[in-house]
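Just so you know, these numbers use all the heavy atoms, side chains as well, and skip hydrogens, waters and symmetry mates.
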Amino acid sequence: MSNSSFPNEFLLLPFADTRELQLLHFGLFLGIYLAALLGNGLILTAVACDHRLHTPMYFFLLNLALLDLGSISTIVPKAMAIALWDTRTISYSGCAAQVCFLFFLLGAEYSLLTVMAYDRYVAICKPLHYRTFLSSRACMKIAAAAWGSSFFYSVLHTANTFSLPLCQDKALDQFFCEIPQILRLSCSDAYLREFGVIAVSLSLAFGCFVFIVLSYVQTFRAVLKMPSEQCRHKAFSMCLPHLAVVSLFIITGTVAYLRPPSISSSSLDLVVAVLYSVVPPTLNPLIYSMRNQELKDSLKKLILLAVLQQDCFPPWTGNHARRHQMSNSSFPTEFLLLPFADTRELQLLHFGLFLGIYLAALLGNGLILTAIACDHRLHTPMYFFLLNLALLDLGTITTTVPKAMANFLWDTRIISYLECVAQIFFFFFFLSAEFFLLIIMAYDRYVAICKPLHYGTIMDSRTCVNMAAAVWGSTFLYAVLHTANTFSLPLCQGNALDQFFCEVPQILKLSCSDAYLREVGLLVVSVSLSFGCFVFLVVSYVQIFRAVLRIPSVRGRHKAFSTCLPHLVVVSLFLSTATFTYLKPPSISSSSLNLLVAVLYSVVPPAVNPLIYSMRNQELKDAVWKLMTGGFSEAIN
């Protein structure tokens, strides 16, 4: 890649040139990866299963194990594939994804280690206020803040790095995509911008490091003042594993990013990268279980198959209360969904109907995704956003329909607490991202028709990617906020939901606390933002249709309407059904009406959108037809 600013792929640094050593490295990485999966998996299962470990310290440890699994899964599988298949290439998008996920997970892990230092400080230095400072809600909010802020941090770094023109080469001096290695390929002074972001990040990281040090200074002062040797031993047992993990993480990361260039070499870079990206996720479970008697006891119980002898499932999985409704508990173990029908024949009929709709959505959106990816004529902003819309449609319908089909088929109404939380989170995430993406697509049509001469400048590839990333990132946080807010409420009105999937208004009906006003306020803010977006959309289309009607050519007007009307129909279908669902008067609400409207706004649009977009769009119809008639290889070329 000598004349291109953006390569199609990168070449990673191999561990060895001979086939025997490559296979040896594959075996080594496989062993490390399996050890990390086993260790962190055991930690996750032990903390989830043992009710004695349902405390803030182990809640944060559970989050740390999740992050360790994510970070090692971001790097090691690709490295194993390279060693096994004797290849060095990684695609441009694969490299960007690796950088994004690695920064996200490592940033969240560092934030979480800082929070865990504060947890140890409060537990030892202010034990009487521990439950006040670190209540369950506070822990959830802290963890959500760590995950959310690091997500934005990673998006910022990734977008900043991959917006630079690269023309030095495409070979990275590392076995995975790393930002310093990518910056070396830049041929622009704009790389200083990324160095500025890194400098700010290092300043924040140093602030967190100072906070950790001060926390442990106060913690050890308090421990040394304890009169009982047993108390001192117990306090050290809680603190030392965390301190060892923090030290391992900070030392390896600092050596990787701040060592002088004069002592840099390919082999040293590989060793240091392994130390800070692969070794900590593997050793963290061992470090935490060595001096922690509670965790060791729980792991022994788990390994000795105690899971077969007692009910070890946490209260949110619903495994130990399958046949009981929640009457006296403020947090149910499961919810009961509303069935479509009581007779077995109608249940099977609804299963077939939902199966047909789901397969139609998979086929339609899958064809659109493949057609846009394969046909280079469709590599324009409009089709880029349409590709994102198809992804969101697939996510939306997959969140609700498979569970509904399973309930129809197996004649059950149960959904576990954890499944309900996941369903609401993903549903809000995909649905809100789809709404904002439809707004951006309206703006795209406005620029294309009203300002055609400036279209290439305003809607260039970087702008489109940044817009899409902003949509996905902001709606991720929006979904986290709604989900955490909803499920922090005590629920004591029963556990029966008047809907075929978990929906926020239905959950709020179960609340026995005035705290639900907080979620209602959040919904009001969301509706206000949605109304602002709706006004923007209306104004955009007023300007669009005014410009279209001025076009002298009938063919030109027809082409303009062909690109606008499908989008307008999709927006109208989406807004009308969702608005009626959330803003309909309670006086006209009923179970059957709720089911019908929910199907209209959650199931029908993802299945119908591909049909709407392909009916009046000749370019898309041609690409899909070429794909279906065996022109796949020709379309790629």
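No more than 12 heavy atoms of other residues, nucleotides or ligands sit less than 6.0 Å from atom CZ of Phe426. Around the CZ atom of Phe152, the shell of radius 6.0 Å holds more than 12 heavy atoms that belong to other residues, nucleotides or ligands. In this structure, Met140 places its CE atom where only 12 or fewer heavy-atom neighbours from other residues, nucleotides or ligands lie under 6.0 Å away. With a 6.0 Å radius and a threshold of 12 heavy atoms from other residues, nucleotides or ligands, Phe101 has its CZ atom at or below the threshold.
Scanning for side-chain hydrogen bond (donor to acceptor under 3.5 Å, both in side chains) contacts around Asn365 gives an empty result, with sequence neighbours left out.
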>> Checking Val480 against Trp147 for the side chain to side chain contact (heavy atoms under 4.5 Å, CB included) test, could you report, in this order, the C-alpha distance in whole Å, the side-chain angles of both residues, the deciding distance, and whether it holds?
In response: CA-CA 10 Å; Val480 168; Trp147 286 77; over 6 Å; no
>> Evaluate Phe384 against Leu378 for side chain to side chain contact (heavy atoms under 4.5 Å, CB included), listing each step before the verdict.
In response: CA-CA 8 Å; Phe384 169 74; Leu378 303 185; over 6 Å; no
>> Run Tyr92 and Phe162 through ring pair (Phe, Tyr, Trp, His ring centres under 6.0 Å) and show every step you take.
In response: CA-CA 9 Å; Tyr92 187 85; Phe162 286 90; 5.4 Å; yes
> Is there a side chain to side chain contact (heavy atoms under 4.5 Å, CB included) between Leu112 and Phe60 once you walk through the steps?
Replying inline: CA-CA 7 Å; Leu112 200 66; Phe60 294 128; 3.9 Å; yes
>> Walk me through whether Leu102 and Ile75 qualify under side chain to side chain contact (heavy atoms under 4.5 Å, CB included).
In response: CA-CA 8 Å; Leu102 188 63; Ile75 297 172; 3.5 Å; yes
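Looking only at distances, no side-chain donor or acceptor of Glu9 sits under 3.5 Å from a matching main-chain atom of Thr89.
Side-chain contact between Tyr455 and Asp444 is present, with heavy atoms from C-beta onward closer than 4.5 Å. Contact annotation: the side chain of Leu172 approaches that of Cys95 to within less than 4.5 Å [non-hydrogen atoms, C-beta and beyond]. For the pair Tyr110 and Leu106, the minimum side-chain heavy-atom distance is 4.5 Å or more. Between Tyr443 and Ile458, some side-chain heavy-atom pair lies under the 4.5 Å cut-off. Considering only heavy atoms from C-beta on, Ile32 comes within 4.5 Å of Ile72 through its side chain. The shortest side-chain heavy-atom distance between Trp472 and Asn388 falls under the 4.5 Å cut-off. Two residues are said to be in side-chain contact when any heavy atoms from C-beta on lie closer than 4.5 Å; Asp68 and Glu109 meet this criterion. Leu69 has its side chain within reach of Leu44: a pair of non-hydrogen atoms, C-beta onward, lies under 4.5 Å apart.
With rounding to the nearest 0.5 angstrom, the CD1 atom of Ile372 is 8.5 Å from the CE atom of Met382. Between atom CG of residue Leu477 and atom OG of residue Ser432 there is a gap of 10.5 Å, rounded to the nearest 0.5 Å. Ser71 OG to Phe104 CZ: the interatomic distance, rounded to the nearest 0.5 Å, is 11.0 Å. For the atom pair CZ of Phe428 and SG of Cys502, the computed distance is 12.0 Å after rounding to the nearest 0.5 Å. Between the CG atom in Leu34 and the OG1 atom in Thr282 there is a gap of 10.5 Å [rounded to 0.5 Å]. One distance of note links CG of Leu12 with CZ of Phe176; it measures 10.0 Å at 0.5 Å rounding.
Side chain to side chain, Asn466 and Thr463 fail the donor-acceptor criterion of an N or O pair below 3.5 Å.
The minimum heavy-atom distance between Phe425 and Thr483, with the atom names listed, is CA-OG1, 3.3 Å. Nearest heavy-atom pair, Cys177 versus Ile182, reported as atom, atom and distance to 0.1 Å: CB-CD1, 4.5 Å. Closest of all the heavy-atom pairs between Pro606 and Ile397 is CB-CB, 3.9 Å. For Ala607 against Ala361, the heavy-atom pair with the smallest separation is CA-CB, 3.8 Å. Residues Ser474 and Val471 approach most closely at OG-O, 3.3 Å, considering heavy atoms. Between Ser111 and Ala146 the shortest heavy-atom distance is CB-CB, 4.0 Å.
Aromatic rings of His157 and Tyr153 (six-membered ring for Trp) have centroids within the 6.0 Å cut-off, being under it. Between Phe175 and Phe29, a ring centre-to-centre spacing shorter than 6.0 Å is recorded. Taking the six-membered ring for Trp, Tyr478 and Phe429 have ring centres at least 6.0 Å apart.
Test Leu438, Ile368, Leu394 against Leu389 for side-chain contact (heavy atoms from CB on, under 4.5 Å) and you get one pass: Leu438. Each of Met459, Met467, Met441 was evaluated against Pro381; a single residue qualifies, Met459, per the side-chain contact (heavy atoms from CB on, under 4.5 Å) test.
Applying the side-chain hydrogen bond (donor to acceptor under 3.5 Å, both in side chains) test to residues at least two apart or on different chains, the pairs with a partner in residues 390-399 are Tyr358-Thr398, Asp393-Asn609.
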